[in-house]
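Only one structure is covered here, and it is reproduced in the block below.
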Amino acid sequence: MESRRRSSLTALDRPDQWMIEQGMAGHVLPILDQAGKTVVKVFPPKPSEIVQNKKAIQAVGNRKKLFAREREGWVGYVEWENYPKKKAQAHKILTSQTFAPCPDYQWGPIPGTNPVLAGDDFKAWHAALGGELAPVADDSWKTVLEEKHPEMLHLLQFPYNGEPPKRLVAAKAITPNSLHFVRNHGGIPIIDADKFELKLDGLVKSPKSYTMEDLMDETKFPRMEKTITMQCSGTRRIEQIALYAGQGDEVPQAPWAEGAIGTARYKGISLKKVIKDCGGLIDHAKHLELYGVETYIKDLEVGNYVVSVPWSKVKANEVILAWEMNGEVLPKIHGYPLRVIVMGYIGARSVKWLYRIKAIKSPTLAPVQSREYLYFNQQVGKYNLRPIDGIQIQEMPVSSAIMSPWTKQVIMHDGKIHCKGWAYSGGGRWPERVELSADGGFNWYAVPEDQLSKKGKWTWRTWEIDLPCDVEGWIEIVCRCWDNSLNTQPLNVRAAWNWGLHVTSSAHRIKVYSVNKTRTLTQLKLSQFEQHNIDLAPLTRYDAVPGMTDAELGEYWEANPRDVDE
Ligand code: MTE
């Protein structure tokens with residue numbers, strides 16, 4: 001057997017050999033190339049030294065000047081889309097050196113830290129570009145600490161990605177601002193609203209610029225207020241990761257749990273009215289490209305955050321330009337002073353720190369739209385996939401999640417397990433029925449209507465149920481939702497697993513250990529613990545109270561002999 005690129009430790013001389021053999025560290029296994037006459041083992045490369053071609057970097061020019069702030073009062077704003085040469089210069093800087101790869105967080109165990117992942121690669125890229133971008137990582141973290149709830153779970157420190165703890169995800173039908181999840185692809189710009197301008201150009205009759213005051217002028221643009229659930233297509237990604245490793249970039253594939261969803265009341269104006277104010281679309285424009293201020297780096301190519309939405313969606317008054325969230329000025333972290341809210345679409349289209357809208361003919365080719373948020377067929381493999389093989393994710397399918405209890409928890413109950421959670425469907429559909437099963441998905445109990453929060457065209461429903469459960473031991477509680485179009489969820493993760501690890505739409509499953517206190521023997525055992533002052537130990541630990549005395553045992557076997565007579 002040949003072998004290529006040996007790492008310092010081969011798979012044969014490692015102390016963690018047993019773990020490797022059991023698939024607990026798949027990333028160190030050599031790839032087996034069995035295509036030729038002999039099998040070739042391709043080992044993962046050795047960690048390479050970080051190198052820098054200082055001459056090439058210096059030749060690009062003064063980074064402070066090249067990547068300076070584009071506008072006064074717009075901290076963190078470097079314009080890229082108008083300057084192809086500047087993009088090329090940034091690319092040259094990033095490709096004239098090497099950076100540490102992001103950690104192999106999908107192979108486990110996931111770090112037990114908060115922030116879970118640091119985002120060292122994005123921090124290093126920003127530092128390498130310097131200029132206006134140099135302080136962005138530190139400044140953004142300050143904003144996180146200022147604006148978000150102290151209990152937030154920080155999945156990625158930079159670009160900041162965070163979700164509320166399970167206990168608080170669906171505690172209220174409207175998510176408080178400090179607890180609303182945050183999904184960023186770059187830094188958090190700090191924009192002075194008095195110096196703000198929104199540019200509307202491209203294929204419109206009369207391109208225009210608007211100040212916040214212009215947009216808030218009620219004589220021109222009627223106000224719009226709506227309660228809207230926003231969901232990131234990465235919600236519940238951790239279940240896909242737990243099944244199989246997939247695409248492994250920290251930002252596109254942040255390891256979200258069930259909290260990348262939140263509901264808020266947004267106030268602003270309809271984008272349709274602003275397009276009309278510019279004289280409408282011309283030359284068969286069909287899409288609107290939306291630009292966010294901050295810098296996003298994809299494959300070492302630098303740009304602003306850009307996506308697009310179809311005109312049909314805007315025309316239906318389903319795209320808001322919002323400046324208020326739950327009665328408060330839009331927090332900086334959620335896009336101050338102006339963001340887009342696209343009803344019923346994945347969060348990615350709801351651009352924060354919006355500064356430009358451009359009318360165009362086809363969906364934008366910008367990376368977030370055309371190279372990410374793609375839903376691949378399972379059998380399109382890493383080495384043959386093309387962006388066109390993935391469906392561009394727009395509306396989220398119906399989904400749901402159990403927020404309480406938690407998986408692996410021991411639940412003592414009196415025949416009913418109290419469960420809580422959320423259910424949601426994208427595209428303006430809504431949850432009609434939420435069902436739970438305590439037997440892995442065979443028998444289903446519907447959540448009573450009065451235990452579901454109010455229906456809304458664009459919103460989730462939070463729910464609670466006392467789920468009947470007679471048995472003791474490990475059970476699997478499953479939750480699924482039916483929306484008003486009678487769509488429901490696939491029953492297992494594998495059915496909807498995909499390489500990009502998006503849209504975990506399968507029924508949510510948790511394993512819990514049921515202890516039914518209405519059972520006589522269970523009651524007896526627990527009362528004995530009390531009598532002997534024995535604390536309840538973790539499930540797997542020995543509890544020193546015998547199930548029966550020897551006398552009781554003897555009596556039983558006397559009456560029920562084990563052996564049969566000849
Ligand atoms: N807008 C900008 N400018 N930059 C971003 O990184 N992330 C998008 C969207 N808008 C993003 C953005 C994604 S993927 C989501 S899910 C939502 O914002 C999250 O909005 P929130 O952070 O306000 O919850």
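Just so it is clear, the structure is predicted and the values come from calculations on it, not from any experiment. We count ligands from 1, going down the list as the structure has it; atoms in each ligand are counted the same way.
Between K332 and E146 there is a salt bridge, with a side-chain nitrogen of the basic residue lying less than 4.0 Å from a carboxylate oxygen of the acidic one. Ion pair K272/E318 not flagged as a salt bridge, since none of the NZ, NE, NH1 or NH2 atoms sits closer than 4.0 Å to an Asp/Glu carboxylate oxygen. A salt bridge does not link E81 to R356: none of the charged nitrogens lies less than 4.0 Å from a carboxylate oxygen. At a threshold of 4.0 Å, the pair R236-E258 does not count as salt-bridged, since none of the basic side-chain nitrogens sits closer than that to a carboxylate oxygen. Between R71 and E79, no side-chain nitrogen of the basic residue sits less than 4.0 Å from a carboxylate oxygen of the acidic one, so the salt-bridge criterion is not met. Taking the charged nitrogens against the carboxylate oxygens, E301 and K87 have no contact shorter than 4.0 Å, which rules out a salt bridge. K220 and D217 are not joined by a salt bridge, as no carboxylate oxygen comes within less than 4.0 angstrom of a charged side-chain nitrogen.
Atoms of ligand 1 lying under 4.0 Å from any heavy atom of H180, numbered from 1 in the order shown and given with element: 24 (O). Below 4.0 Å from some heavy atom of M230 lie the following atoms of ligand 1, by number and element: 17 (C), 19 (C), 20 (O). When each atom of ligand 1 is checked for a heavy atom of Y373 under 4.0 Å away, the hits are 14 (S). For ligand 1, the atoms lying closer than 4.0 Å to a non-hydrogen atom of C232 are 16 (S). Close contacts of ligand 1 with N184, meaning ligand atoms under 4.0 Å from a residue heavy atom, involve 6 (O).
Taking only non-hydrogen atoms, the option from R349, H185, E372, E294 nearest to atom 2 (C) of ligand 1 is E294.
The nearest heavy-atom contact from the protein to atom 20 (O) of ligand 1 is R339 NH2, 3.3 Å. Of the protein's non-hydrogen atoms, the one nearest atom 8 (C) of ligand 1 is Y305 OH, 3.3 Å. In terms of protein heavy-atom proximity, atom 9 (C) of ligand 1 is nearest to G347 O, 3.1 Å. Atom 22 (O) of ligand 1 has K352 NZ, 2.5 Å as its closest protein atom, hydrogens excluded (heavy atom only). Shortest contact from atom 10 (N) of ligand 1 to any protein heavy atom: S350 O, 2.8 Å. Atom 7 (N) of ligand 1 has as its closest protein heavy atom R183 O, 3.1 Å.
Atoms CH2 and SG, on W460 and C481 in that order, are 13.0 Å from each other to the nearest 0.5 Å.
In F181, the parts holding a heavy atom less than 4.0 Å from any atom of ligand 1 are both the side chain and the backbone.
Geometrically, K86 engages W80 in a cation-pi contact, judged by NZ or CZ lying under 6.0 Å from the ring centre and within 45° of the ring axis.
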